[in-house]
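Reading through the structure tokens given below for one structure.
Letters A, B, ... are given to chains in the order of the sequence lines, protein chains preceding strands, and every chain is numbered from 1.
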Number of protein chains: 2
Amino acid sequence: MAGRPRAFDREQALRSARDAFWERGYEGTSMADLISAMNISSASIYAAFGSKEALFREAVADYDANDGGFASRALTEEPTTRAALRRMLVDAVTLFTRPGKPRGCMVVLSAPRCAKENEGVSDWLSVQRRARHAAIVRRIREARDYGEIKPEADPEVLADFYTTFLQGLSVQARDGFSKKQMMASIDSAMQVFDAVVQHPS
Amino acid sequence: MAGRPRAFDREQALRSARDAFWERGYEGTSMADLISAMNISSASIYAAFGSKEALFREAVADYDANDGGFASRALTEEPTTRAALRRMLVDAVTLFTRPGKPRGCMVVLSAPRCAKENEGVSDWLSVQRRARHAAIVRRIREARDYGEIKPEADPEVLADFYTTFLQGLSVQARDGFSKKQMMASIDSAMQVFDAVVQHPS
DNA sequence: CCTATTTTGGATTGATCGATCTTGAATGGA
DNA sequence: TCCATTCAAGATCGATCAATCCAAAATAGG
């Protein structure tokens with residue numbers, strides 16, 4: 001069962017679409033933009049990805065599987081919760097200020113507001129953000145279970161604080177705040193964790 | 001010099017437009033949406049406001065002159081910088097979770113990303129955010145000048161931290177985090193300021 | 001009254017939106 | 001070779017975009 005072979009690389013086209021969406025958001029990126037960014041025709045896009053929305057969701061999935069997965073990587077790969085939270089924020093700032101890449105997180109900035117007919121996309125992004133938040137909650141719960149932080153510390157409150165700060169970094173990056181500036185404010189944010197660290201007596 | 005009098009209240013129509021834009025963002029709100037929200041015809045909108053973009057800018061100005069001005073009010077009306085920062089955050093959360101109103105800040109969420117032809121709008125909103133940040137910097141510099149915080153504390157770093165956290169609250173509100181949750185994380189954020197407070201010896 | 005001026009609703013503009021159709025090219029298996 | 005199948009380029013779809021035009025309606029001044 002064969003036929004004419006595809007003349008473009010699907011993964012490469014997806015990455016081009018991802019960067020286009022990352023730069024201009026879901027509604028801000030038109031099919032015409034995608035056609036020129038992916039360098040293939042409209043028909044090819046629909047044959048390979050189904051629709052603009054399906055393409056966007058694949059693009060976000062790709063983002064999340066690579067650059068955008070900084071949070072889950074940091075949260076699972078670091079030995080201590082403090083190191084995990086700090087690395088999550090540092091990696092975020094590094095990603096959000098990478099030269100030649102759009103500034104800020106694709107999941108945060110692509111569609112916080114949108115037309116009624118695109119609410120599904122906006123809400124789906126919200127679910128992605130909440131999943132990231134849930135991972136942060138889990139990691140901080142571990143910190144309490146293993147005695148890294150004081151037993152009276154509230155993991156949910158701490159997680160809410162760090163999620164809020166993380167979301168804010170996207171807006172700051174969008175507004176042109178420097179990598180150095182944002183790295184410095186991470187030091188401020190870490191003081192909140194340090195206040196509940198359980199020190200060996 | 002007269003003519004047929006205007007049959008609608010301009011301020012009320014502006015407020016309706018403001019809420020529509022606040023809810024769905026700049027690009028997500030179409031002229032058809034505005035026509036039904038403001039309950040006047042397209043021609044009337046253009047006669048009274050000039051263009052969709054001009055209407056949006058007036059809507060943001062109205063937002064800023066009322067609800068959206070919570071930050072400058074808090075920063076100028078409170079006796080201490082700590083109280084000012086805290087009230088700024090509390091008022092933000094209160095506004096962002098007001099029943100019957102869109103969740104999150106209009107200036108933050110309306111157009112962080114957009115089509116190339118609307119970049120002017122997005123950048124203008126960015127300028128608004130930077131102005132708010134500048135006000136925070138000014139207030140914290142005062143705190144150091146008047147000895148409210150330690151002389152070695154860096155006002156810029158502190159301001160960056162609070163601006164980042166404030167921007168994050170909009171995203172959190174958008175994602176349905178509760179007023180109670182966000183108020184609790186404000187307490188966490190205030191620890192950063194408390195760490196540099198100059199205590200009377 | 002008449003005229004100049006402004007606003008109104010509704011029709012309509014060209015452009016662009018996302019999506020599809022048509023037509024022909026490119027393949028593998030029979 | 002012939003055919004079923006898949007892909008691609010470009011034209012094109014109806015819908016919607018922001019914006020404007022037009023003619024009727026409503027006022028103030030003379």
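- Distance B:Phe49 CZ to D:dT20 C1': 18 Å, rounded to the nearest Å.
- Each of B:Asn39 and A:Ile35 was assigned the nucleotide of DNA chain C with the nearest heavy atom; the assignment lying further toward the 5' end belongs to B:Asn39.
- Between the CD atom of A:Glu27 and the C1' atom of C:dT16 there is a distance of 15 Å, given to the nearest Å.
- Taking atom OH of residue A:Tyr26 and atom P of nucleotide C:dC17, one finds them 13 Å apart after rounding to whole Å.
- If you look at A:Phe161 and B:Phe165, their ring centroids are closer than 6.0 Å.
- Between A:Ile45 atom CD1 and C:dA19 atom P the separation is 11 Å, expressed in whole Å.
- When the nucleotides D:dA8, C:dA19, C:dG9 are ranked by their closest atom to the side chain of A:Tyr46, C:dA19 comes out on top.
- Residues A:Ser185 and A:Ser188 bring no donor and acceptor atom of their side chains to less than 3.5 Å of each other.
- Heavy-atom nearest nucleotides on DNA chain C were determined for A:Gly50 and for A:Pro5, and the one closer to the 5' end corresponds to A:Gly50.
- To the nearest angstrom, P of C:dT27 lies 15 Å from CZ of A:Arg6.
- For A:Ser44, the side-chain atoms get nearest to D:dA9 when compared with the rest of D:dA9, D:dA18, C:dC17.
- In this entry the distance linking CG of B:Asn118 with P of C:dT16 reads 13 Å, nearest Å.
- Nearer to the 5' terminus of DNA chain D, by closest-nucleotide assignment, is the contact made by A:Ala7 (compared with the other of B:Ser51 and A:Ala7).
- Following rounding to the nearest Å, B:Met31 (CE) and C:dT16 (P) show an atom-to-atom distance of 18 Å.
- With respect to the salt-bridge test (charged N to carboxylate O, under 4.0 angstrom), the residues A:Asp67 and A:Arg98 qualify.
- For C:dT16, the base has no donor-acceptor partner in the side chain of A:Ser30 [N/O atoms by modelled type, under 3.5 angstrom].
- A:Met38 has its CE atom 11 Å from the P atom of D:dA8, to the nearest Å.
- With B:Arg174 contributing its side chain and B:Leu109 its backbone, the two residues share no donor-acceptor pair below 3.5 Å.
- You'll find that the side chain of A:Lys52 is closest to C:dG18, out of C:dT7, C:dG18, C:dT20.
- Residue side chain B:Arg4 reaches the base of C:dT7 through a donor-acceptor N/O pair under 3.5 Å, judged by distance alone.
- For an aromatic pair to be called close, the ring centres must be under 6.0 Å apart, and B:His133 with B:Tyr162 fails this.
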